[in-house]
Amino acid sequence: MTDRKGIGLILTAFPCLVLWLLFGGLGVVNAASPTNYDIVIVGGRVMDPETGLDKTGMNVGINGRTIAVVTTEPIIGKVEISAAGFVVSPGFIDILSYDPNEYGVWYKVADGVTTNLAMHGGAIEPLKWRKKFAGITPVNFGAGFFYNSARLSIGVNPYRPATTKEIERLVRMAQKALDEGGLGLGMSLEYAPGASQDEVEAMMTVAKRFNVPVFFHVRYSTMEAPGTNIDALNEVITLAGKIGASIHVDHINSTGGTFSMAASLELIKKAVEDGVDITACTYPYPFWATYLNSARFDDGWQKRFRITYNDLQIGGSAERLTKENFAKYRKAGKLAVAYAIPEDDVTQALSSPFVMLGSDGIMEPGNNNHPRAAGTFARTLRVYVREDKTITLMEAINKMSLMPAKRLEAASAQMRKKGRLQQGMDADVVIFNPDTVTDTATVERPNSFSKGFEYVIVNGRIVKDPRGLRKNTRPGQGIRTERSGKAVGGKE
């Protein structure tokens, strides 16, 4: 017979025993189980490049704009997405894009992009730029300071060097832009042939002070002397080592690596070993594109790029060029696609641990564009993961999410919560079928949506589902550095 003291001990211990059973003591009920989340993604193959997690049958719970749980235990939510047979991964970050215009940004969404960063090009005044897109864009957005535009805005011709006073003025403009939250500096040296090394050094010094990278479209794009890819890379690597600045080489498959990819990647590898903070990006196409009235098509382009007029095609059409229509379209400033990249250069770049993905394009009305503006991420998954097996699926996801986030996270706390699928990270998520995801954009028809991305979630809100794009949903947040102010709810 139990005495009163014994009964008292049992009664006192009973609530604790119940809690122990509920919250894992016997593994009967997981702590996450009773919670009702805003969105639950159930039964998917969850892949997180930072932790290496790659496991099927997992569930993801989202509350507000945050990933609240990643678990194998059952969870329930207000909205339930069945992801059986699909990959659930961090949303893709297009680090080398342009302004998220209303027309082109939806092609990004359909391609799995949740963050669109204008780091090739960018803005002279990033604060005004972010305010322009606040509250109206489905994806996250951010921009760097674009040196070439700033240079032109104060009357510096692309073919002459800036004077000392002009450099001082440009330095002040860059400092203001970075103080306003610009994510880095963009310099397109090939498009400003007159830009001096003093100018490059001045911008690198500013970038070092603000702890942001300089994004370089380097000075040369081929192996035709004088002025080769190797010279161009050595210029920025040497200055980066001297100043201690972080640098990024834009689209190395078309600038800095064409016809020299193995040697170019070896230069980057050696620079990393020597302590230089350097990365690069590529897009998954063996042809580039730019405007015919740019310096890239100055005299001698046929020899430099090893192509003829017939290797050029007007983007958004089937028209190949001749000597006669080249002059007409150059005067009009049309964008032309150039079949001038060896396929092996693309595969080597994608295989490098220092190279991530960046589209170098966004669709504009009129569709005079390269298909990379709509299909970069789906094409990588189709051609270089599924078909050719150049890289693994996890490597591809890493190059499309975590690597871009890490490139910018030293100065932007926001980027430290992107590119990962973990508890506490931003709920930027894509759900796709790795066996069917495909690009459909072509040179003739670049305005064609990718297929296979079933759901795209930005900041915890669904912007694409199997029925299509949710064009009334605009949850994109401005991405900036933290020197002053902060982004909240898409506003400054």
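All values below were derived from every heavy atom in this structure, side-chain atoms included, with hydrogens, water molecules and symmetry-related copies excluded.
Listed by chain and residue number, nothing satisfies the salt bridge (Lys or Arg N to Asp or Glu O under 4.0 Å) test with R461 (two or more places apart in sequence, or in another chain). For N229, the side chain to side chain contact (heavy atoms under 4.5 Å, CB included) partners are M223, S260, S264, not counting sequence neighbours. With sequence neighbours left out, the side-chain hydrogen bond (donor to acceptor under 3.5 Å, both in side chains) criterion links T115 to N140. The side-chain hydrogen bond (donor to acceptor under 3.5 Å, both in side chains) search around Y98 returns D360, not counting sequence neighbours. Not counting sequence neighbours, the partners of E201 by the salt bridge (Lys or Arg N to Asp or Glu O under 4.0 Å) test are K242. Under the side chain to side chain contact (heavy atoms under 4.5 Å, CB included) criterion, V383 pairs with R379, E387, D388, not counting sequence neighbours. A search for side-chain hydrogen bond (donor to acceptor under 3.5 Å, both in side chains) contacts involving R151 returns E199, not counting sequence neighbours. Under the salt bridge (Lys or Arg N to Asp or Glu O under 4.0 Å) criterion, R296 pairs with E190, not counting sequence neighbours. In this view, K165 satisfies the salt bridge (Lys or Arg N to Asp or Glu O under 4.0 Å) rule with no residue, not counting sequence neighbours. Residues that satisfy the side-chain hydrogen bond (donor to acceptor under 3.5 Å, both in side chains) test with D277, not counting sequence neighbours, are S246, R407.
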**Chi angles and distances behind the side chain to side chain contact (heavy atoms under 4.5 Å, CB included) call for T376, D94** = CA-CA 9 Å; T376 286; D94 191 349; 5.9 Å; no
**Request:** For side chain to side chain contact (heavy atoms under 4.5 Å, CB included), just list the numbers for R169 and E166, CA-CA rounded to whole Å, side-chain angles, deciding distance to a tenth of an Å, and then say yes or no.
**Result:** CA-CA 5 Å; R169 185 176 175 187; E166 287 167 338; 5.5 Å; no
**Item:** Stepwise salt bridge (charged side-chain N to carboxylate O under 4.0 Å, His left out) check, D465 with R470
**Value:** CA-CA 8 Å; D465 62 27; R470 296 188 177 185; 2.9 Å; yes
**Candidate pair E235 and L189, rule side chain to side chain contact (heavy atoms under 4.5 Å, CB included), full reasoning** = CA-CA 11 Å; E235 176 185 14; L189 300 179; 4.1 Å; yes
**Request:** Give the intermediate values and the outcome of side-chain hydrogen bond (donor to acceptor under 3.5 Å, both in side chains) for residues S359 and K108.
**Result:** CA-CA 10 Å; S359 72; K108 295 293 184 186; 2.8 Å; yes
**Message:** With side chain to side chain contact (heavy atoms under 4.5 Å, CB included) as the criterion, how do L381 and M400 come out once you've worked through the C-alpha distance, each side chain's angles and the decisive distance to 0.1 Å?
**Reply:** CA-CA 10 Å; L381 294 169; M400 297 188 289; 3.7 Å; yes
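The OG atom of S401 sits 10.5 Å away from the CG atom of D428 when rounded to the nearest 0.5 Å. A distance of 6.5 Å separates CD1 of I247 from CZ of F216, quoted to the nearest 0.5 Å. Atom OG1 of T290 is separated from atom NE2 of H370 by 10.5 Å, given to the nearest 0.5 angstrom. If you take CG on L408 and NE2 on H248, they are separated by 9.0 Å, rounding to the nearest 0.5 Å. If you take CZ on R382 and CG on D439, they are separated by 4.5 Å, rounding to the nearest 0.5 Å. The line from NZ of K464 to CG of D111 is 11.0 Å long, rounded to the nearest 0.5 Å.
The residues K399 and E395 are annotated as not salt-bridged, no charged nitrogen and carboxylate oxygen being separated by less than 4.0 angstrom. With salt bridges taken as basic N to acidic carboxylate O contacts below 4.0 Å, none links E266 and K270.
For CG of N472, the number of neighbouring non-hydrogen atoms (other residues, nucleotides, ligands) closer than 6.0 Å is 12 at most. Remark: Y291 OH is loosely packed, at most 12 non-hydrogen atoms of other residues, nucleotides or ligands lying under 6.0 Å away.
Checking D345 against T258 by side-chain atom types alone, no donor-acceptor pair falls below 3.5 Å. A donor and an acceptor atom, one from each side chain of Q422 and E50, are located under 3.5 Å apart. For the residue pair R372 and Y285, no side-chain donor N or O sits within less than 3.5 Å of a side-chain acceptor on the partner. Between Y103 and N367, the side chains place a donor N or O and an acceptor N or O closer than 3.5 Å (distance only, hydrogens not considered).
At distances below 3.5 Å, at least one donor-acceptor pair connects side-chain atoms of T440 with backbone N or O atoms of F449. A donor-acceptor contact shorter than 3.5 Å links the side chain of S412 to the backbone of R480. Put simply, the side chain of R474 gets close to the backbone of I136: a donor and an acceptor are under 3.5 Å apart. A donor-acceptor pair under 3.5 Å links the side-chain atoms of R420 to the main chain of K418, judged by distance alone. Side-chain atoms of T438 do not come within 3.5 Å of backbone N or O of A378 as any donor-acceptor pair. R416 places a side-chain N or O within 3.5 Å of a backbone atom of E409 that can act as its donor or acceptor partner. Side chain of N253 to main chain of Y283: a donor-acceptor pair is present (N/O by atom type, distance under 3.5 Å, no hydrogens or angles). Remark: the backbone N or O of N447 is not paired with any side-chain donor or acceptor of N369 at under 3.5 angstrom. Not a single donor-acceptor pair under 3.5 Å links the side chain of D426 to the backbone N or O of T66. A donor-acceptor distance shorter than 3.5 angstrom exists from the side chain of S254 to the backbone of H251, with no hydrogens or angles considered.
Contacts classified as ring-ring contact (aromatic ring centres under 6.0 Å, His included) and involving residues 71-94 (residues at least two apart or in different chains) are given here: F92-F377, F92-F453. Within the structure, salt bridge (charged side-chain N to carboxylate O under 4.0 Å, His left out) contacts touching residues 76-92 (residues at least two apart or in different chains) are D38-K78.
Between I81 and E454 there is no side-chain heavy-atom pair separated by less than 4.5 Å. Using a 4.5 Å heavy-atom threshold, the side chains of V429 and I39 count as separate. The shortest side-chain heavy-atom distance between L178 and L185 falls under the 4.5 Å cut-off. Side-chain contact between D54 and L393 is absent, with no heavy-atom pair separated by less than 4.5 Å.
None of L421, N398, V88, I397 except one satisfies the side-chain contact (heavy atoms from CB on, under 4.5 Å) rule with M47; the exception is I397. Each of I93, L350, L96 was compared with L357 under the side-chain contact (heavy atoms from CB on, under 4.5 Å) criterion, and only L350 meets it.
Taking each heavy atom of R130 and F141 in turn, the nearest pair found is O-CE1, 3.5 Å. Closest approach of T390 and S351 over heavy atoms only: CG2-OG, 3.5 Å.
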